[in-house]
**Student:** 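What follows is a structure written as structure tokens; I'll ask about it next.
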Amino acid sequence: MSDTSRLTTYAIRNTQYAIVFLAFALRLFRLDFQELRGDEAFGYFFSLRAYDDITAATLSLREPHPVGSYFLQHIWLGWAGHSEFALRFVSVWFGVLAVALLYRLARRLELSPTTASVAALLLAVSPYAIWHSQDARMYSILLALTLASTWLMVEALQRGRWPVWFLYVAVSWLALHTHYFAIFVLAAQNCFVIGRALLMPRVRFSAVQWVQWQLVLGFFYLPWFFTASETLTGYGGNGDSPGFWAMAQRSLAVFAAGESIPAIWRTGVAVGTGLLLLLGGFALWREGGSRRRTLFLLLLLWIVPVLATWASSQSRPIFNERYLIAAAPPFYLLLAVVITYFLRNTQYAIRYLPPILLGSLLIFSLTNHFSNPAYSKTRGWRELAAAFERFSAGLPPEQVRLAQNFPDPTIWYYYAGPVAHIVLPPAANDAPGAAEVVAGLAADGVTRVILPVQPAAWWDGSGIAPASLAQKYTLTGQAPVGVWPLEIYSRAPALLQPLAVEFVNGVRLTGATVEPEKIIPNGLLVVYLRWDEQRADLHGGEKVFVHLLESTGQIIGQVDMPFPVGTEGAVAYGILLPENTFSGPYRLIVGLYDQSLPSAPRIGTTTGAQSVELGVLE
């Protein structure tokens with residue numbers, strides 16, 4: 001080997017190392033900055049089961065994904081722990097592996113080292129691929145396994161050695177056990193091999209070998225396929241059913257720039273990208289020979305999974321950009337062909353135009369992905385968990401419940417406190433079931449229910465959760481937490497501290513209780529008062545005030561409500577407390593005033609007091 005060849009080899013190898021390192025760095029950067037999304041949390045809890053339980057639950061619950069990624073995560077969590085970083089690191093590893101595999105596939109397809117390096121670089125910096133490499137789900141694993149399957153397919157067809165065929169079957173089998181849509185990549189591979197054999201009689205022997213090994217793959221996979229057939233046919237989907245142009249636009253835009261660009265840009269990005277891909281296809285076609293076979297394979301690997309995913313969504317709403325990830329590698333290979341074509345065959349500054357425009361778009365999208373909350377998967381779960389701790393503090397855990405109006409498991413990853421949780425309604429749009437659950441809470445002595453209201457049209461589209469709680473509880477506090485309006489419902493305990501306070505208008509205060517018995521900064525203080533109005537002379541303008549006072553007499557929290565005429569039992573009054581409360585002490589007072597009179601004078605007690613002190617809180 002000459003010195004020039006040796007230097008070229010070193011340069012190519014170092015370029016590969018640099019691209020892989022860049023892929024790893026981008027996927028590791030702020031890996032645990034964003035909170036888990038719902039599917040990540042579901043996968044986490046699902047993978048905590050034993051292996052046989054994962055299999056049984058997958059079948060009984062009709063989980064739309066096979067068991068492979070859950071088995072892998074179960075093993076990994078036992079080694080690495082349960083942090084967000086650990087949960088997502090598996091996806092990071094497979095995302096980086098996919099970058100290396102894409103380079104190997106490009107070289108096996110006899111594309112130039114420059115084209116292979118550009119393709120690997122595009123995948124390394126792809127916001128779409130990075131998003132899934134920082135997501136604790138199976139999509140990055142699917143990307144790497146289907147890429148490895150295609151690479152091994154090409155290796156086996158070119159060399160025909162049985163160890164390579166065996167590895168192809170093993171990797172393809174694992175891909176099918178990672179995501180059912182891996183079948184679309186295998187379908188594209190079969191279209192290529194069969195089409196190639198029909199057009200080129202001299203390669204028909206390799207096609208016979210191909211069919212034999214496909215039968216081996218089917219032999220090992222079909223038992224699971226038939227076992228899980230009810231899931232495959234019965235899954236209703238959680239995506240949508242777009243038209244053809246909408247599908248084409250979304251798939252092109254997401255491959256090119258991810259989902260962290262403004263929606264109004266997507267049409268332009270899709271059209272521009274589509275034109276570049278046409279040029280890439282034309283460049284490969286012009287070269288003829290093996291380049292045309294490469295183009296045929298890349299088009300099949302790209303178009304078949306995308307069209308199959310889209311076609312399957314026309315009968316049920318299951319189209320989602322994340323399901324297209326196995327079709328991403330041929331997209332980046334074709335895009336790399338365009339970029340290298342421009343660099344080699346055009347003159348002046350125009351040769352740099354495509355890479356500059358694409359690079360600028362990728363930098364903009366990656367900046368949004370890493371730093372712009374508008375494009376983040378973060379919803380405020382950590383803040384919500386802290387709010388649960390705050391609003392349940394000072395109360396016995398058995399007296400509090402945390403409620404959800406949609407069964408999203410994410411909060412239970414972040415909240416590890418002692419308070420139990422419920423789902424209202426317990427089933428989709430189950431109003432009678434919700435009323436029964438709330439009645440049970442009241443009977444069990446639960447005095448506080450904390451409800452973050454989550455938009456969930458298909459589970460609680462008519463406000464069943466708040467309506468059912470209002471039957472037995474009083475809404476005593478509301479606060480925005482993250483993206484949720486948080487509602488706190490209260491119900492008086494069975495026993496109140498007895499009082500015998502009479503006001504000059506005949507109203508009697510016969511009982512009071514405060515929960516909790518201490519001040520919780522940024523928390524909720526609920527005062528329960530029982531009134532007796534049988535001998536009262538009321539005019540209709542009377543109001544109740546409850547004030548929390550500092551030692552100087554300054555009000556730091558208050559609530560004013562109309563006097564509860566005709567109300568049986570205790571009435572709940574909630575005071576949302578400020579965050580900057582000091583150590584105290586604080587006086588809690590209650591009283592009446594008449595809003596219908598000028599200056600709204602207070603109504604004194606028969607002893608001449610203008611208010612009643614319920615206690616001193618710290």
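These numbers come from the heavy atoms of this one structure, side chains and all, not from hydrogens, waters or symmetry mates.
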**Student:** Find out whether Leu499 and Thr510 are in side-chain contact, i.e. whether some heavy atom of one side chain is under 4.5 Å from a heavy atom of the other.
**Tutor:**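 SC-SC contact between Leu499 and Thr510 ruled out.
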**Student:** Under the 6.0 Å and 45° cation-pi test, does Arg491 pair with Tyr489?
**Tutor:**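 No; the conditions do not both hold, so Arg491 does not lie above the ring face of Tyr489.
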**Student:** May I ask you to say whether Glu383 pairs ionically with Arg390, meaning some side-chain N is under 4.0 Å from a carboxylate O?
**Tutor:**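 No, this pair does not count.
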**Student:** Does any part of the side chain of Arg401, heavy atoms only, come nearer than 4.5 Å to the side chain of Val446, both counted from C-beta?
**Tutor:**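 The answer is yes; the side chains approach within 4.5 Å.
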**Student:** For Arg587, is there an ion pair with Glu613 - N to carboxylate O distance below 4.0 angstrom?
**Tutor:**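 Yes, this pair counts.
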**Student:** Quick one: are Arg535 and Arg508 in side-chain contact, heavy atoms under 4.5 Å?
**Tutor:**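 In short, these two side chains touch, coming nearer than 4.5 Å.
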**Student:** Please give me the minimum heavy-atom distance between Trp531 and Pro564, naming the atom from each residue.
**Tutor:**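 Nearest pair, atom of Trp531 first, then Pro564: CD1-CG, 3.7 Å.
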**Student:** Using every non-hydrogen atom in the two residues, find where Ser371 and Thr367 come nearest and quote the distance to one decimal.
**Tutor:**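 Minimum heavy-atom contact is OG-O, 2.5 Å.
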**Student:** Do the side chains of Glu515 and Arg448 get close enough for a salt bridge, i.e. N-O under 4.0 angstrom?
**Tutor:**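 Result for this pair is no, no salt bridge flagged.
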**Student:** Hey, are Arg137 and Glu40 close enough for a salt bridge, meaning a charged N less than 4.0 Å from a carboxylate O?
**Tutor:**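 Salt bridge absent between Arg137 and Glu40.
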**Student:** Under the side-chain contact (heavy atoms from CB on, under 4.5 Å) criterion, do Tyr51 and Val67 qualify, and how do the steps go?
**Tutor:** CA-CA 9 Å; Tyr51 297 116; Val67 298; over 6 Å; no
**Student:** Tell me if the aromatic rings of Tyr139 and His179 count as close, with their centers under 6.0 Å from one another.
**Tutor:**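 Yes, ring centres under 6.0 Å apart.
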**Student:** Answer yes or no: is there a side-chain heavy-atom contact under 4.5 Å between Val559 and Phe545?
**Tutor:**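 Contact flag for Val559/Phe545 side chains = no.
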**Student:** Walk me through whether Gln497 and Tyr528 qualify under side-chain hydrogen bond (donor to acceptor under 3.5 Å, both in side chains).
**Tutor:** CA-CA 10 Å; Gln497 179 182 353; Tyr528 300 100; over 6 Å; no
**Student:** Do we see a donor-acceptor contact under 3.5 Å between the side chains of Gln399 and Thr447?
**Tutor:**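 Side chains of Gln399 and Thr447: pair found under 3.5 Å.
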**Student:** Under a 4.0 Å threshold between the charged nitrogen and the carboxylate oxygen, would Arg250 count as salt-bridged to Asp240?
**Tutor:**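 Here Asp240 pairs with Arg250 in a salt bridge, since their nearest N and O are under 4.0 Å apart.
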**Student:** Given 3.5 Å as the limit, does a donor-acceptor pair link the side chain of Glu542 with the main chain of His539, or not?
**Tutor:**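 Side chain of Glu542 to backbone of His539, a donor-acceptor pair under 3.5 Å: yes, one is there.
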**Student:** For the residue pair Trp381 and Trp484, is the inter-centroid distance of their aromatic rings smaller than 6.0 Å?
**Tutor:**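 Ring-ring flag for Trp381/Trp484: true, centres closer than 6.0 Å.
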**Student:** Salt bridge check, Asp135 against Lys377: does any charged N sit closer than 4.0 Å to a carboxylate O?
**Tutor:**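 Yes, this pair counts.
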